[in-house]
Amino acid sequence: FKQKTAYESGTGDWSSDVALPICPMARPPRYIDPALKAFGLPPYIGEDALLQGGWIDSSQGAIQSYLDRSINRVAPDHFRAKSVLSCLLMTSLFVKKMRSGHPTGRVWGFVPEADISIWALAYAGPIDHSRAWELYWVPIYMFVDDPAALAGGREIFGFPKMYGTIAREDNDPSDYGLSVKVAAFREFGQDVEAEQVEVLKIDPQIHGSAEATLDDVMTGLLDEPEDADIRTLMPSLRPPQIDFPILQVKQFPSIENADFATYQAIVGVKMTTQRLRGIGKAAGRPRLTIQSPLSLNIAQELDTPAVQDMQHCFWVRQDFTTQPGEILSPPELIGV
């Protein structure tokens, strides 16, 4: 607000026309819900979800390089993430019914949803409080097939969701076959048109599976953390979308110069299992093929073979909820 000016009070002295500072708000401003809703608000409820996963080769150097370019650039003096393993986890999540549990969204119906993700396991926390460090999954790639999931994921939780066409080959949980196509450029040039490229493909084949428990799902890895403190945490490891925290970067570009961010923060998110419907470990090793067009350099960035057999594959059927999440680094509001 503005103090009453000297001119308005009759003195004729404009020099006393001073704007007083705006009082800080007690709480954030209300979200302006657009007339054409793009997505429901959290919490999100997933019913009859199938999570399939398996490990793929990488290198600890490539994984740490990604963490340095993403998580570790947000709050370099406050929060840090370290690579734990020299392999990555690839998961596919197929949800039959995804709905909003928010009061304004629970009256809507549901949508089926799929996302295909590649995850790095990180040991992370505040630099000045080592006892608060814990294990997190960090999504490097996450492809979704629904515009609402893309908008909600980016605006509420953060990157790195990308829109893609996802095809699942079979309903059997021990068949990991799928295809992910995205718009990409095979080469660069002003006259080059983007095309649909099948960037990820798992050959369809029913591998069979044996019943398992959550304690069994993440076991059998030959890779072991060098840090003794991390090794003590590994028995509690769970898949990223089953009661285990995820780290994401939330960032918005500046309206004045999109090379800079107007807001950024590190966000922690966790999906909470409400009901386990079944767990299994695959008897075989699904064949994964990665295609890397110039604009989406997956294999090179992750230092992973373009064709490989996934290891220690598993599946979990569950119902879950996803809460809004928690900001883990001091949020930076830089300007517009």
Side-chain angles (χ1 to χ4, degrees), residues 46 48-58 87-98 111-120 137 139-154 159-187 192-209 239-241 280-318:
D48 197 1
L50 172 65
L51 177 72
Q52 298 171 302
W55 294 89
I56 63 175
D57 293 332
S58 183
C87 52
L88 297 161
L89 184 69
M90 179 175 168
T91 63
S92 57
L93 178 66
F94 300 98
V95 187
K96 286 190 177 180
K97 295 182 178 181
M98 180 70 81
V111 295
E113 186 177 307
D115 73 54
I116 313 299
S117 307
I118 297 177
W119 309 84
W137 289 107
I140 300 179
Y141 287 98
M142 185 176 285
F143 302 98
V144 297
D145 66 345
D146 181 66
L150 179 68
R154 283 180 173 264
F159 294 165
K161 286 191 174 182
M162 301 174 61
Y163 182 75
T165 301
I166 299 171
R168 182 180 172 201
E169 298 294 342
D170 195 282
N171 289 326
D172 191 305
S174 65
D175 187 344
Y176 295 76
L178 59 82
S179 169
V180 180
K181 294 181 179 180
V182 300
F185 294 97
R186 293 188 183 276
E187 57 184 25
V192 176
E193 182 178 356
E195 58 183 286
Q196 289 292 312
V197 179
E198 186 180 53
V199 292
L200 297 175
K201 182 178 185 299
I202 299 178
D203 293 337
Q205 180 182 350
I206 296 178
H207 294 271
S209 63
Q241 289 149 319
K281 293 197 74 172
R285 297 181 60 180
R287 173 65 57 89
L288 168 67
T289 302
I290 302 174
Q291 198 174 165
S292 297
L294 279 179
S295 61
L296 204 60
N297 234 351
I298 299 177
Q300 290 87 337
E301 180 183 18
L302 302 182
D303 192 17
T304 191
V307 180
Q308 61 185 297
D309 293 333
M310 301 169 66
Q311 303 181 54
H312 308 292
C313 293
F314 62 87
W315 61 266
V316 179
R317 286 195 183 276
Q318 63 160 337

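Only heavy atoms go into these numbers, but all of them, side chains included; no hydrogens, no water, no symmetry mates. These numbers were taken from a predicted model, which means no experiment stands behind them.
- The heavy-atom pair separating Glu187 from Val192 by the smallest distance is O-CG1, 3.4 Å.
- Within the 4.5 Å cutoff, side-chain heavy atoms of Phe143 are placed close to those of Val199.
- Checked by atom type and distance alone, the side chain of Ser117 never pairs as donor or acceptor with a backbone atom of Pro139 at under 3.5 Å.
- Formation of a donor-acceptor pair under 3.5 Å by the Asp146 side chain with backbone atoms of Ala149 is found in this model.
- Contact of the Pro160 side chain with the Ile140 side chain is not registered, since no non-hydrogen atoms from C-beta on lie closer than 4.5 Å.
- Contact between Ser179 and Glu198 at its shortest, heavy atoms only, is OG-OE2, 2.6 Å.
- Nearest heavy-atom pair, Thr304 versus Gln308, reported as atom, atom and distance to 0.1 Å: OG1-NE2, 2.6 Å.
- Between atom CD of residue Gln205 and atom OG of residue Ser174 there is a gap of 9.5 Å, rounded to the nearest 0.5 Å.
- Taking CD1 of Ile202 as the start and CG of Leu178 as the end, the distance is 4.0 Å to the nearest 0.5 Å.
- Here Glu195 pairs with Arg186 under the salt bridge (charged side-chain N to carboxylate O under 4.0 Å, His left out) rule; sequence neighbours left out.
- Put simply, the side chain of Gln52 never gets that close to the backbone of Ser92: no donor and acceptor are under 3.5 Å apart.
- The backbone N or O of Leu302 lies less than 3.5 Å from a partner atom in the side chain of Ser58, making a donor-acceptor pair.
- The minimum heavy-atom distance between Phe185 and Glu193, with the atom names listed, is CE2-C, 3.9 Å.
- Under the salt bridge (charged side-chain N to carboxylate O under 4.0 Å, His left out) criterion, Asp203 pairs with Lys201, sequence neighbours left out.
- When side chains are defined from C-beta on, Asp57 counts as touching Pro305, because their heavy atoms get closer than 4.5 Å.
- The shortest distance between side-chain heavy atoms of Ile290 and Leu200 falls below 4.5 Å.
- The main-chain N or O of Arg285 is never found under 3.5 Å from a side-chain atom of Tyr176 such that the two would form a donor-acceptor pair.
- Taking CG of Asp309 as the reference point, atom CG of Leu288 lies at 9.0 Å (rounded to 0.5 Å).
- Distance check: Gln241 CD to Thr91 OG1 gives 4.5 Å after rounding to the nearest 0.5 Å.
- Classified by interplanar angle (parallel below 30°, tilted 30° to 60°, perpendicular above 60°), the ring pair Trp55/Trp137 is tilted.
- Judged by distance alone, with hydrogens and angles left aside, the side-chain atoms of Gln318 form no donor-acceptor pair with the main-chain N or O of Leu51 at under 3.5 Å.
- Ile166 and Ala114 make their closest contact through CD1-O, 3.7 Å (heavy atoms, listed as atom of the first residue, atom of the second, distance).
- For the pair Pro173/Leu50, a side-chain contact is recorded, criterion being any heavy-atom separation below 4.5 Å from C-beta on.
- Two residues are said to be in side-chain contact when any heavy atoms from C-beta on lie closer than 4.5 Å; His312 and Phe314 fail this criterion.
- Under the 3.5 Å distance criterion, the side-chain polar atoms of Arg154 are matched with a main-chain donor or acceptor of Lys161.
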Exercise. Do Lys96 and Asp48 pass the salt bridge (charged side-chain N to carboxylate O under 4.0 Å, His left out) test, and can you show the C-alpha distance, the side-chain angles, and the key distance before you say yes or no?
Worked result: CA-CA 6 Å; Lys96 286 190 177 180; Asp48 197 1; 3.4 Å; yes
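- The shortest non-hydrogen separation linking Cys313 to Pro286 is SG-CD, 3.4 Å.
- We find the CD1-CE distance between Ile56 and Met310 to be 7.0 Å, quoted to the nearest 0.5 Å.
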Exercise. Checking side chain to side chain contact (heavy atoms under 4.5 Å, CB included) for the pair Val182/Leu296: CA distance, chi angles, key distance, verdict?
Worked result: CA-CA 9 Å; Val182 300; Leu296 204 60; 3.7 Å; yes
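- Between the CG atom in Asp115 and the CG atom in Leu150 there is a gap of 11.5 Å [rounded to 0.5 Å].
- Using modelled atom types, no side-chain atom of Asp145 and backbone atom of Gly164 make a donor-acceptor pair closer than 3.5 Å.
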